[in-house]
Amino acid sequence: MDVDLMIRVFPYFAEAAWTTVQISVLALALGLVMAALGSAARLSRWAGLRFLGTAYVSLFRGTPCLIQLFVLYFGGPQIGINLDPFVAGVIGLGVNIGAYMTESIRGAILAVARGQVEAARSLGIGRRQTMAHVVLPQAARLMIRPLGVNAVALIKGSALVSAISLVELTYTAQRYIGSTYKPFEMFAIAALFYMVVIYGALRLIAWLDRRYAID
Amino acid sequence: MEGLDFSVVPPYAGLLLQGVIWTTVLTIAASAVSFAGGIALALAVMYGPWFLRYPVRLFAWLFMGTPLLLQLFLIYFGLVQIGIDIPALVAGIIGLGLHFAVYNADIIRAGLAAVDPGQNEGARSLGLSRFQSFRHIIVPQAVHSVMPPIGNNLIALLKESALVSVIGVAELVHTAQLAISETYRPFEFYIVAAALYYILNLILEAGLRRLERRVEATR
């Protein structure tokens, strides 16, 4: 192990880790928006919307995220969509994780006891208000853990955007391997940073869970 | 805007089919590794001696905390540095297999632990040996709870096998890229590759559902 070299390149990896954090946070935000829309569509009264929601989940969960990124980034220009790697990465990862999160949110909503809805409805509370004031507050707490699992998967999945030349942790490791011929050392630093970021995310999720979850 | 023209695809049907075949081979081989590895890791953590348990935990922790892509790079490009040069296909199978073995081990461990301890005590007091009790009483009950999540991992493995293209295995993504390098038509070929993955995924899901029903019937 060439420790001197590892110390020398450390700051560059720290910078790249920050990019990984940024792209993960933005993709997570987009994923949550997509998932809110997706689960609303899947639970809708209208068959057309339900179909759209189901198609979204099925298509994006049924194909590799890598291909989705490639279609967007390399295929996009062919239909007039030119995105820089960062934007393409956020959109690709966000829309992909949104499909998984749709199912997490839908599952949490369906897990709220049916009697809660019936009770609210029989008290004369409207359908929309039942959702907003009775079901969602309870479901939100059930969502924390499954959405947390999705978020951690997203951080690890963000390594894929190195394949569309976005300079994050994995790409930085590859770049320094090209100039140093020390793959072991470079991958070890990148892995270390991923574990720090993921450990941070896990702590945050555990904290949210302790604070809000009902058990 | 150039417009899309899927007529560029048929001449490459043979090449893409080859990609589908290698993706299938890769998925099956890596699944086997992930399953066997998962059992071994679960048993090591549950029943192994301490000097085995801690390395296994460390191993699991490393594999769960880092991206699969990085693990594949490390196995393929990193091991060369210490004199271990393995072919890309083997590196892909090992990487995918070990990655999912760690996740499978977690599921198998939880499934075995979830079987009521009274079942084991009952079997032992009826005169079954430790191994017989494990083999005939515990495992068959654990299989029911373990199958659906392992199935999910297999589905994930099929999709993640796309990553192996980055170390140059001629699977589906890689063959699509070869076709793109000749035609300059990324959109069409990536869409077709996505569709082929989708079909493979549907086949795998249908197979898993049948298997689950069969196991359920033996309950």
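Proteins get letters first, then strands, A, B, ... in listed order; numbering begins at 1 in each.
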Engineer: Checking Ser161(B) against chain A: side chain, backbone, both or neither under 4.5 Å from a heavy atom?
Structural biologist: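 Interface part for Ser161(B): neither.
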Engineer: So which part of Gln71(B) gets closer than 4.5 Å to some heavy atom of chain A, the side chain, the backbone, both or neither?
Structural biologist: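 Neither; nothing under 4.5 Å.
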Engineer: Passes side chain to side chain contact (heavy atoms under 4.5 Å, CB included), Gln78(A) versus Leu4(B)? Steps please.
Structural biologist: CA-CA 8 Å; Gln78(A) 230 177 302; Leu4(B) 300 179; 4.0 Å; yes
Engineer: Nearest 0.5 angstrom please: Leu66(A) CG to Lys159(B) NZ, how far?
Structural biologist: 13.0 Å
Engineer: Phe184(A) and Gln81(B): which non-hydrogen atoms are nearest, and at how many Å?
Structural biologist: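 Minimum heavy-atom contact is N-OE1, 2.8 Å.
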Engineer: Kindly give the heavy-atom pair with the smallest separation between Thr63(A) and Ala194(B), and that separation in Å.
Structural biologist: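 So the minimum-distance heavy-atom pair works out to CG2-O, 3.2 Å.
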Engineer: Does any backbone or side-chain atom of Ile191(B) lie under 4.5 Å from a heavy atom of chain A? Answer side chain, backbone, both or neither.
Structural biologist: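 Looking at Ile191(B), backbone and side chain both touch chain A.
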Engineer: Is atom CZ of Phe6(B) surrounded by more than 12 heavy atoms (other residues, nucleotides or ligands) closer than 6.0 Å?
Structural biologist: yes
Engineer: What part of Gln68(A) is in contact with chain B, defined as an atom under 4.5 angstrom from a non-hydrogen atom: side chain, backbone, both or neither?
Structural biologist: neither
Engineer: Which heavy-atom pair separates Ser162(A) from Leu69(B) by the least distance, and what is that distance?
Structural biologist: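 Shortest heavy-atom contact: OG-CD2, 3.5 Å.
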Engineer: Minimum heavy-atom separation for Gly62(A) to Asn201(B), with atom names?
Structural biologist: CA-ND2, 3.3 Å
Engineer: So Ser58(A) and Tyr198(B), do their side chains get closer than 4.5 Å, heavy atoms only?
Structural biologist: yes
Engineer: In a check of side-chain contact (heavy atoms from CB on, under 4.5 Å) between Thr170(A) and each of Thr66(B), Val166(B), Leu70(B), which one passes?
Structural biologist: Leu70(B)
Engineer: Starting at CG of Leu202(A), measure out to CE of Met64(B) and round the result to the nearest 0.5 Å.
Structural biologist: 11.0 Å
Engineer: Would you call the rings of Tyr190(B) and Phe70(A) parallel, tilted or perpendicular, taking 30° and 60° as the class edges?
Structural biologist: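 If you compare the ring of Tyr190(B) with that of Phe70(A), the planes turn out tilted.
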Engineer: Can you find a heavy atom in the side chain of Phe73(B) that is under 4.5 Å from one in the side chain of Pro183(A)?
Structural biologist: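 No. Closest side-chain heavy atoms not under 4.5 Å.
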Engineer: Where on Leu79(B) is there a heavy atom nearer than 4.5 Å to chain A: the side chain, the backbone, both, or neither?
Structural biologist: both
Engineer: Just so I know, are the side chains of Met195(A) and Trp61(B) near enough to count as touching, which here means a heavy-atom distance under 4.5 Å?
Structural biologist: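 They are in side-chain contact.
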Engineer: Counting only non-hydrogen atoms closer than 4.5 Å, does Ile180(B) touch chain A with its backbone (N, CA, C, O), its side chain (CB onward), both, or neither?
Structural biologist: neither
